Amino acid sequence: MVDECVFCKIRKGEIPSTMLYSDDDFMIIKDINPQAKIHLIAVPTVHAPYIDMMTEEGAVLLGKIMSKISHMQEELGITNGYRLIINQGEDAGQTVGHVHIHILGGEKLKEF
Ligand code: 5GP
Ligand code: ZN
């Protein structure tokens, strides 16, 4: 639910975060529990719980966000490469029900 959503609360300023970027479409915040030297999360403004529930419009937005990330490598500190991850559902370990893209980098990432 939007009212209980951690990322919607961060967007509204109800929960503090380190925000690196925001515009009408999305925000980029530091992950509170980093899994790499640089671990950011790109969060669309619109609350859609799961990627498999996304509309066509939402899919276009995700593409736009990924394109913007690719043009922000310098300011995000990921010029040497980065990994984008979207977790969908329980098996993937999705814990926040608001679609988001993990951005990992700042070091040589483990292969998987
Ligand atoms: P998921 O597991 O759903 O793919 O990713 C959720 C991410 O949100 C996790 O990596 C978790 O550390 C991060 N997270 C959860 N709560 C907060 C919070 O209050 N602030 C920030 N900055 N990140 C959070
Ligand atoms: Zn939300």
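Computed from a prediction, not measured in an experiment: that's the story for all the values here. All ligand and atom numbering here is 1-based and tracks the order in the structure.
Environment of CD in E74: sparse, with no more than 12 heavy atoms of neighbouring residues, nucleotides or ligands closer than 6.0 Å. Open room surrounds NZ on K108; 12 or fewer heavy atoms of other groups in view lie less than 6.0 Å from it. Counting non-hydrogen atoms of other residues, nucleotides and ligands closer than 6.0 Å to CG of D23 gives a total above 12. In this structure, D91 places its CG atom where only 12 or fewer heavy-atom neighbours from other residues, nucleotides or ligands lie under 6.0 Å away.
Taking the side chain as every heavy atom from C-beta outward, D24 and T45 never approach each other to under 4.5 Å.
The N/O atoms of V6, backbone and side chain alike, include none that comes under 3.5 Å of an N/O atom in ligand 1. Residue Q94 has no nitrogen or oxygen atom sitting less than 3.5 Å from a nitrogen or oxygen atom of ligand 1, judged on distance alone. Below 3.5 Å of separation, one finds an N or O of K30 facing an N or O of ligand 1. In terms of polar-atom proximity, H102 is counted as a contact of ligand 1, with an N or O under 3.5 Å from an N or O of the ligand. Checked by distance only, ligand 1 and I29 stay at 3.5 Å or farther apart across all their nitrogen or oxygen atoms.
Residue G93 approaches ligand 1 through these ligand atoms, each under 4.0 Å from one of its heavy atoms: 2 (O). The distance from ligand 1 to the heavy atoms of N33 drops below 4.0 Å at these ligand atoms: 12 (O).
From the protein, the heavy atom lying nearest to atom 14 (N) of ligand 1 is I32 CG2, 3.8 Å. From the protein, the heavy atom lying nearest to atom 3 (O) of ligand 1 is T95 N, 2.7 Å. If you check which protein heavy atom lies closest to atom 12 (O) of ligand 1, you get D31 OD1, 2.5 Å.
Ring geometry for F26 versus Y21: interplanar angle of 30 to 60°, hence tilted.
Contacts of I10 with ligand 1, taken as heavy-atom pairs under 4.0 Å, involve the side chain alone. With a 4.0 Å heavy-atom cut-off, ligand 1 is reached by the side chain of N87 but not by its N, CA, C or O. Using a 4.0 Å cut-off between heavy atoms, I85 makes no contact with ligand 1 at all.
Here the two rings, on H100 and H102, have centers that are under 6.0 Å apart.
Connection of I86 to V43 is not established within any shared hydrophobic cluster, with ILVMFWY side chains joined at heavy-atom distances below 4.5 Å, either directly or through further cluster members.
When distances from the Zn ion (ligand 2) to the N, O or S atoms of H98 are compared, ND1 comes out shortest.
Distances from ligand 1 to the non-hydrogen atoms of H100 include at least one value under 4.0 Å.
An angle of 110° is found at the Zn ion (ligand 2) between C5 atom SG and H47 atom ND1, rounded to 10°.
A salt bridge does not link D3 with K9: every distance from a Lys NZ or Arg NE/NH1/NH2 to an Asp or Glu carboxylate oxygen is 4.0 Å or more.
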Original post:
Can I69 and I103 be said to form a side chain to side chain contact (heavy atoms under 4.5 Å, CB included), step by step?
Top reply: CA-CA 9 Å; I69 291 169; I103 306 167; 3.6 Å; yes

